[in-house]
There are 2 protein chains.
Amino acid sequence: MPEHARNKEQAILDAAEREFLTKGFDGARTTSIAQAAGVTHAMLHYYFRTKEKIFERILDEKMRLMGESVLTAFGSPGLPLSERLRQGIENHFDFVAANPDLPRFLVNEVFARPERYEAMRQRIRWIMNPLLADLQRELDEAAARGEADPADALMLLLDVISLNVFPFLAYPVLEPLLGDLAGDRTRFFAQRKAENLEVIRKRLLKTPQR
Amino acid sequence: MPEHARNKEQAILDAAEREFLTKGFDGARTTSIAQAAGVTHAMLHYYFRTKEKIFERILDEKMRLMGESVLTAFGSPGLPLSERLRQGIENHFDFVAANPDLPRFLVNEVFARPERYEAMRQRIRWIMNPLLADLQRELDEAAARGEADPADALMLLLDVISLNVFPFLAYPVLEPLLGDLAGDRTRFFAQRKAENLEVIRKRLLKTPQR
DNA sequence: ATTTTATTTAACAAATTTGTTAATGCAAAG
DNA sequence: CTTTGCATTAACAAATTTGTTAAATAAAAT
């Protein structure tokens, strides 16, 4: 493929990513994408045929990125469990912080059109099930050694992801409540990260109570 | 206002709620709303002028409902802190379970168009700040009595809401990972509720460790 | 009963949006 | 140099979607 074409094709994809990520499929306009990419809107159809096809390219890429982020965040075997979890939470949190509109995009488009998601189910399993099995084994071993309470790996991972992702989704609603942190996005999210680490750390503590 | 008109107006609002909640503002079609309500689409404009105005009615109502749900869930003073939290988590979880597409709707529409939200900032503060202050006082007292670790009320509440809401947002992505729970939505969410209670309970435990 | 007001319908219109197409330019291969 | 194929543009078209309007109908008031 010629160089200048590749550039335009990529320019369109870049513009489409911004447009779809911020406005969703229904809110996105192919003319806006073309304008942002600096091409006539006929070029979009020349390269990608339809709006739907451009969208699929972006959605696939983002789904892959999201799955990969969880995998790379928590996939550090060889470390002690508590350290592995600490690093996993931090890495995952930082990833979400660097891609703050990714979760909303995926939640929306996947939830709104499950048929689009069908193709990904298998892939999600392939990626996540080994990680979950590995994590479960470590959790069981730690519990057997009396270092931690028993825990279900999926539930624990969902705890982490919920705590890491949701504050980014809800930030506009939270911001008026922040008091001295209001307006200071960075400081608020630093505090959230610490809180999430603490919550998960305590979740695993062995406690005789109750 | 005559009875039959009130009925049609209400039928339109009911249909609009379903349409907007499932498809969002951009994806919603006024003709679909009219059809679902059993009226010609001109009636929509007769009663509400514009699509935007119908949407605002729905959005306002849902924002109010959401704020109210948090308030009523956790607003039971007079109980011991741990019991108040337990009831709060359960009530809030049950509310989300009964309105599973509400969070996605609000996250979307509010995040996508912050200008729409401006009017609500003040109201959110009025509703939430007293609750937070009250909860903070109880947390401080419990900590002073040595019954719990110190905690920030807003952070704790955000823990709860994150844990309660996110699994509903992410369910389509989670479902392929559920193993023996796959397909059994009810059982999965029962387990989530128990997990969330446990996470928050442990979050407050006084621990000498670290 | 008549007038007045509110409700409803069908037809229309304007704007937007996605997608097509035919003509043109341009670069490389032969 | 010419031919071939890809890239690009401008103009167009079809479909959709929101909103309007004038006329018809029903209801309420006098």
Side-chain angles (χ1 to χ4, degrees), chain A residues 1-62 105 108-110 112-113 115-116, chain B residues 1-62 105 108-110 112-113 115-116:
Chain A
M1 182 168 298
E3 175 64 17
H4 61 292
R6 169 103 284 168
N7 284 345
K8 289 212 171 177
E9 197 174 329
Q10 194 55 49
I12 291 170
L13 282 175
D14 291 349
E17 175 176 325
R18 270 191 299 280
E19 180 84 359
F20 283 129
L21 266 275
T22 55
K23 308 199 186 151
F25 181 81
D26 291 324
R29 299 295 143 208
T30 54
T31 51
S32 302
I33 295 173
Q35 195 177 348
V39 302
T40 63
H41 87 275
M43 295 305 291
L44 259 79
H45 298 292
Y46 177 72
Y47 281 114
F48 301 98
R49 305 293 302 166
T50 66
K51 176 184 180 182
E52 186 87 21
K53 288 218 189 315
I54 308 180
F55 179 77
E56 275 164 21
R57 282 280 288 265
I58 306 295
L59 184 63
D60 285 358
E61 156 73 9
K62 294 305 166 189
F105 173 71
N108 260 319
E109 304 300 335
V110 168
R113 312 198 190 197
E115 72 278 8
R116 268 182 188 147
Chain B
M1 181 168 298
E3 175 62 19
H4 62 292
R6 167 105 285 168
N7 284 345
K8 289 212 171 177
E9 197 174 329
Q10 193 56 46
I12 292 170
L13 282 175
D14 291 349
E17 176 176 324
R18 270 191 298 280
E19 179 84 0
F20 283 128
L21 267 275
T22 54
K23 308 203 187 149
F25 181 82
D26 292 324
R29 299 297 118 160
T30 54
T31 51
S32 302
I33 295 173
Q35 195 177 347
V39 302
T40 63
H41 87 275
M43 294 306 291
L44 259 78
H45 299 292
Y46 176 72
Y47 281 113
F48 301 99
R49 303 296 298 168
T50 67
K51 177 183 180 183
E52 186 87 23
K53 288 217 189 313
I54 307 180
F55 179 77
E56 275 164 21
R57 282 279 288 264
I58 306 295
L59 184 63
D60 285 359
E61 157 73 8
K62 293 305 164 187
F105 173 71
N108 261 321
E109 304 300 335
V110 168
R113 315 201 186 193
E115 73 277 8
R116 269 183 186 146

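Being a predicted model, the structure only gives us computed values, none of them experimental. In what follows, every chain begins at residue 1, and chains take the letters A, B, ... in the order their sequences are listed.
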Close side-chain approach of [X] to [Y], heavy-atom, < 4.5 Å:
X: B:Glu109; Y: B:Phe55; answer: yes
X: A:Thr40; Y: A:Met43; answer: yes
X: B:Leu13; Y: B:Glu61; answer: no

Item to check | Selected nucleotide, minimal atom distance to A:Tyr46 side chain, candidates C:dT20, D:dC6, C:dG19 | outcome: D:dC6

Checklist entry - Among C:dG19, C:dT7, C:dT20, which nucleotide sits nearest the side chain of A:Thr50? => result C:dG19

Interatomic distance, [X] atom [atom1] to [Y] atom [atom2] [nearest 0.5 angstrom]:
X: B:Phe20; Y: B:Ile33; atom1: CZ; atom2: CD1; value: 4.0 Å
X: A:Tyr47; Y: A:Gln10; atom1: OH; atom2: CD; value: 11.5 Å
X: B:Glu17; Y: B:Leu59; atom1: CD; atom2: CG; value: 11.5 Å
X: B:Lys53; Y: B:Ile58; atom1: NZ; atom2: CD1; value: 14.5 Å
X: B:Phe105; Y: B:Lys62; atom1: CZ; atom2: NZ; value: 8.0 Å

Rounded to whole angstroms, how far apart are [atom1] on [X] and [atom2] on [N]?
X: B:Glu52; N: D:dG19; atom1: CD; atom2: P; result: 9 Å
X: B:Phe48; N: D:dT20; atom1: CZ; atom2: P; result: 15 Å
X: A:His45; N: C:dT20; atom1: NE2; atom2: C1'; result: 9 Å
X: A:Leu44; N: D:dT9; atom1: CG; atom2: C1'; result: 14 Å
X: B:Lys53; N: D:dG19; atom1: NZ; atom2: P; result: 10 Å
X: B:Met43; N: C:dT7; atom1: CE; atom2: P; result: 8 Å
X: B:Ile12; N: C:dT9; atom1: CD1; atom2: C1'; result: 14 Å

Checklist entry - Which residues satisfy the side-chain contact (heavy atoms from CB on, under 4.5 Å) test with A:Arg29, sequence neighbours excluded? => result A:Glu19, A:Thr31, A:Ser32

Please determine whether a side-chain nitrogen or oxygen atom of [X] lies at a distance below 4.0 Å from atom OP1 or OP2 of [N].
X: B:Lys8; N: C:dT7; answer: no
X: A:Arg29; N: C:dT18; answer: yes
X: A:Tyr47; N: D:dT8; answer: yes

Next on the checklist: Using a strict heavy-atom distance below 4.0 Å, which residues from residues 30-40 of chain B are in contact with DNA chain C?
Outcome noted: B:Thr40

Checklist entry - What residues in residues 17-28 of chain B put a non-hydrogen atom under 4.0 Å from any atom of DNA chain D? => result B:Ala28

Checklist entry - Mind checking what makes ring pair (Phe, Tyr, Trp, His ring centres under 6.0 Å) contact with A:Phe48, not counting sequence neighbours? => result none

Next on the checklist: Suppose we screen for salt bridge (charged side-chain N to carboxylate O under 4.0 Å, His left out). Which residues come up paired with B:Asp26, at least two apart in sequence or across chains?
Outcome noted: B:Arg113

Next on the checklist: Using modelled atom types and a 3.5 Å cut-off, is there a donor and acceptor pairing between side-chain atoms of B:Lys8 and backbone atoms of B:Ala37?
Outcome noted: no

So which protein nitrogen or oxygen atoms get under 3.5 Å of nucleotides 11-14 of chain C's nitrogens or oxygens?
none

